[in-house]
Structure formats: structure tokens, C-alpha cells
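Written out below as C-alpha cells is the structure these notes cover.
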2 protein chains.
Amino acid sequence: MTPTKKQPNRHTRVRSDHARELAEDYVEAIADQIAAAGACRAVDLAALFSVSHVTVNRTMGRLQRDGFVTTEPYGPIELTPAGRRLAKTSRRRHEIVHQFLIALGVSEAVADVDSEGIEHHVSPETLAAMKAFVAAQ
Amino acid sequence: MTPTKKQPNRHTRVRSDHARELAEDYVEAIADQIAAAGACRAVDLAALFSVSHVTVNRTMGRLQRDGFVTTEPYGPIELTPAGRRLAKTSRRRHEIVHQFLIALGVSEAVADVDSEGIEHHVSPETLAAMKAFVAAQ
DNA sequence: GACGAAATGTAGCACAGGCTACACTTGCAC
DNA sequence: GTGCAAGTGTAGCCTGTGCTACATTTCGTC
Ligand SMILES: [Mn+2]
Ligand SMILES: [Mn+2]
Ligand SMILES: [Mn+2]
Ligand SMILES: [Mn+2]
């Protein structure tokens with residue numbers, strides 16, 4: 001019998017999607033904020049995510065530990081090269097999911113909200129199908 | 001100006017989606033297991049979700065607290081009326097999302113995995129659009 | 001340069017949802 | 001009815017992600 005790679009089941013996959021989710025949303029937001037305002041401060045993220053600045057701080061600690069951001073005390077939040085790469089692919093995927101929902105006929109307001117959650121569970125194959133659907137519009 | 005209901009932003013919505021997610025997946029699984037085998041035991045759920053039986057136990061405690069299941073020590077897991085209702089609507093939504101991905105051209109294996117995460121972030125408007133797309137196939 | 005508001009940091013808390021190790025119960029084989 | 005395997009329960013641990021309260025720093029205004 002062919003030695004089959006142990007496949008995580010679908011619930012295991014969803015759990016790992018969620019483990020990456022915060023990182024994806026934060027680096028995307030940090031990149032946007034830097035592009036829009038020249039720098040990203042903790043207070044910007046707290047407002048965007050509707051969480052306390054303490055939660056942002058702790059999250060930044062994890063993202064720094066994981067190599068996605070750098071900060072110094074009282075300084076702005078910067079992205080590492082890995083953070084920029086993750087931001088880019090996350091934004092691209094998010095945009096495709098958003099455009100796809102619009103193409104499906106969903107309203108802008110609902111597409112905004114639903115795509116924010118859906119994006120993290122879309123595998124490359126599904127993303128390609130969504131992209132093709134948008135292009136065929 | 002019209003008094004607008006305070007809208008939670010999209011990240012707040014995603015967080016509340018996730019808070020409901022475990023309950024939705026578990027009651028769906030419990031209903032399936034009861035339908036398939038006549039009764040649902042903790043060990044069945046542990047195998048299905050690939051978690052330890054301790055995790056299932058603690059989760060059952062929360063679901064019991066929230067009024068979705070009932071159990072007695074060493075007894076099988078039962079659904080309350082509220083649990084059955086949640087299972088029914090969750091399964092229906094899950095099925096539509098799954099069928100939709102298939103209709104989009106995604107493979108069965110990938111549709112299985114992706115729909116397990118996506119289902120929890122699909123609002124009624126998006127679900128209606130997916131349903132219409134499947135019907136129009 | 002002093003001051004006050006805004007931003008940031010820190011201590012300490014809570015809950016969800018994972019785990020291992022170990023104890024106890026149940027139920028089936030014999 | 002004994003015994004063992006499977007199932008279940010419990011203690012105690014961890015990380016992630018949320019919070020309030022309070023201390024400290026920064027920075028623009030005067
Ligand atoms: Mn998101
Ligand atoms: Mn999700
Ligand atoms: Mn489901
Ligand atoms: Mn699910």
C-alpha cells in the first residue's frame with residue numbers, strides 16, 4: 001500500500017485556519033494603515049478591530065514572536081518582510097472573495113462582513129473557482 | 001437624522017460567528033450520530049472532531065449550560081429542543097454551502113473541507129444567493 | 001519649558017478550547 | 001461472576017484572545 005500522508009480532517013483544518021486568522025487580518029490592516037497614513041499605531045488597530053488597546057498590544061507581541069511585525073516601546077508598528085508577504089497574499093485573497101460575493105449578487109454591506117470571515121477558509125482551489133467566476137462575469 | 005441602530009463592525013460579527021461555531025458543529029454532529037447509530041457517545045464526537053475525550057466533555061458542559069444538550073454521567077448525549085432546532089438550521093445551511101461549492105466547480109474533497117469553515121460566516125442574504133445559484137444550475 | 005491629553009505599557013482577571021495523566025465505571029467475553 | 005477493555009470523569013496544565021484599572025511616556029499647545 002502506498003504510504004499515504006496523514007491527512008488532517010476538515011475540523012482540524014478549520015482550527016488551523018482560525019489560528020492564522022488574526023495574523024492575516026492584522027498584517028493586512030497594518031499594511032493598509034501604513035499605506036493610508038504613513039504609519040500604523042496601536043490605537044488605529046484598536047479602533048479598526050473594536051478591541052481595547054491592551055488586546056492589540058498582546059496581539060502585537062504574538063505577531064512579533066511569530067516574525068510578522070516589529071515594534072519598539074512607544075514606536076509605530078512595522079511589518080517584517082514575512083509580514084508584508086502575508087499581508088499581500090491575504091489582501092489579494094480577501095479582495096477576490098469580496099468581488100466574488102458582489103458578482104454573486106450580494107449587497108456591498110453584506111459582502112464586506114461575510115468576506116471578512118469567509119476569506120480564511122477558502123483554499124487555493126476554491127479561490128481559483130471564485131476568480132474564474134468573477135472574470136466570467 | 002434617523003436613529004440608526006448601532007451596528008457592530010465586521011470584525012465584531014466574525015468574532016460572534018466564531019462564538020457560535022462550536023455549538024453549531026457539535027449539535028449537527030450529535031444529530032447525525034443519533035440518526036446513524038441510535039445514540040451519540042462522547043467517544044464518537046472525539047473521533048469526528050479529532051480532539052481528546054476531555055475536550056468533548058468540557059464542550060458538552062458548555063452546550064448543556066447553554067441549553068443545547070443534556071447528559072447524565074456515563075450516559076449518551078441527547079439534544080434539547082433548542083439543540084434540535086439549531087442542528088436543523090445549521091445542517092441546512094451547511095448543505096447549501098457545500099452544494100454551492102460543488103456547483104461552482106470545486107472538487108468534493110475541497111468542498112467538504114472549505115464548507116466546514118465557510119458555513120459559519122454566511123449571512124442569510126449570501127445563503128439565499130448561493131441557493132439561487134445552485135437552483136439555476 | 002510646562003502642561004494636559006492622547007497614546008502606550010503593565011498587572012491582573014476571565015473564558016474558550018486544547019492537552020496529558022490518572023481514576024473510576026460499564027459492559028462484554030469467558 | 002470475574003476480569004479486562006473501552007468509555008467516562010477529574011485534576012491540573014497550557015495558549016489565545018478578550019477585558020478593566022492604573023502607571024508611564026510622548027507630543028502638541030501655550
Ligand atoms: Mn478576515
Ligand atoms: Mn471562521
Ligand atoms: Mn457544520
Ligand atoms: Mn463548521
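Numbers restart at 1 for each chain; the letters A, B, ... are given by sequence-line order, proteins then strands.
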Answer with base, sugar-phosphate or nothing: what part of the nucleic acid does [X] contact at a heavy-atom distance below 4.0 Å?
X	answer
Arg41(B)	sugar-phosphate
Val54(B)	base
Arg62(B)	base

[X] side chain near [N] phosphate (N/O to OP1/OP2, under 4.0 Å):
X	N	answer
Asn57(A)	dG9(C)	yes
Ser52(A)	dG18(D)	no
Arg58(A)	dG12(C)	no
Thr59(A)	dT17(D)	no
Thr55(B)	dG18(C)	no

Return the value, rounded to whole Å, for the distance between atom [atom1] of [X] and atom [atom2] of [N].
X	N	atom1	atom2	value
Asp25(B)	dG17(C)	CG	C1'	14 Å
Leu45(B)	dG9(D)	CG	P	12 Å
Tyr74(B)	dT8(D)	OH	P	10 Å
Met60(B)	dG17(C)	CE	P	11 Å
Asp17(A)	dG16(D)	CG	C1'	16 Å
Ile77(A)	dG9(C)	CD1	P	8 Å
Arg20(A)	dT15(D)	CZ	P	20 Å
His18(B)	dG18(C)	NE2	P	12 Å

Where each residue is assigned the nucleotide of DNA chain C containing its nearest heavy atom, which of Arg15(A) and Pro76(A) is assigned the position nearer the 5′ end?
->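 Closer to the 5' end of DNA chain C: Pro76(A).
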Taking the inter-plane angle between the rings of Phe49(A) and Tyr26(A) on a 0 to 90° scale, is it parallel (under 30°), tilted (30 to 60°) or perpendicular (over 60°)?
->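 Plane angle under 30°, so parallel.
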Between Asp66(A) and Val43(B), which is nearer to the 5' end of DNA chain D once each is assigned its nearest nucleotide?
->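 The 5'-side residue here is Val43(B).
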Identify, between His53(A) and Pro73(A), the residue whose nearest nucleotide on DNA chain D lies closer to the 5' end.
->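 Taking each residue's closest nucleotide, the earlier one in sequence belongs to His53(A).
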Sequence neighbours excluded, which residues qualify as side-chain contact (heavy atoms from CB on, under 4.5 Å) partners of Val54(B)?
->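 Counting only residues at least two positions away or on another chain, Val54(B) forms a side-chain contact (heavy atoms from CB on, under 4.5 Å) with Ser52(B), Arg58(B).
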Only one of Glu24(A), Glu116(A), Glu28(A) clears salt bridge (charged side-chain N to carboxylate O under 4.0 Å, His left out) with Arg93(A); which?
->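 Single pass found, and it is Glu24(A).
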Examine Ile102(B) and Phe133(A) and state if one hydrophobic cluster contains both, with Ile, Leu, Val, Met, Phe, Trp and Tyr joined whenever side-chain heavy atoms are less than 4.5 Å apart.
->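 No, it is not one cluster - the side chains of Ile102(B) and Phe133(A) are not joined through contacts under 4.5 Å.
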Main-chain N/O of Leu86(A) paired to Ser90(A) side chain as donor or acceptor, under 3.5 Å =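 Yes; at least one donor-acceptor contact below 3.5 Å.
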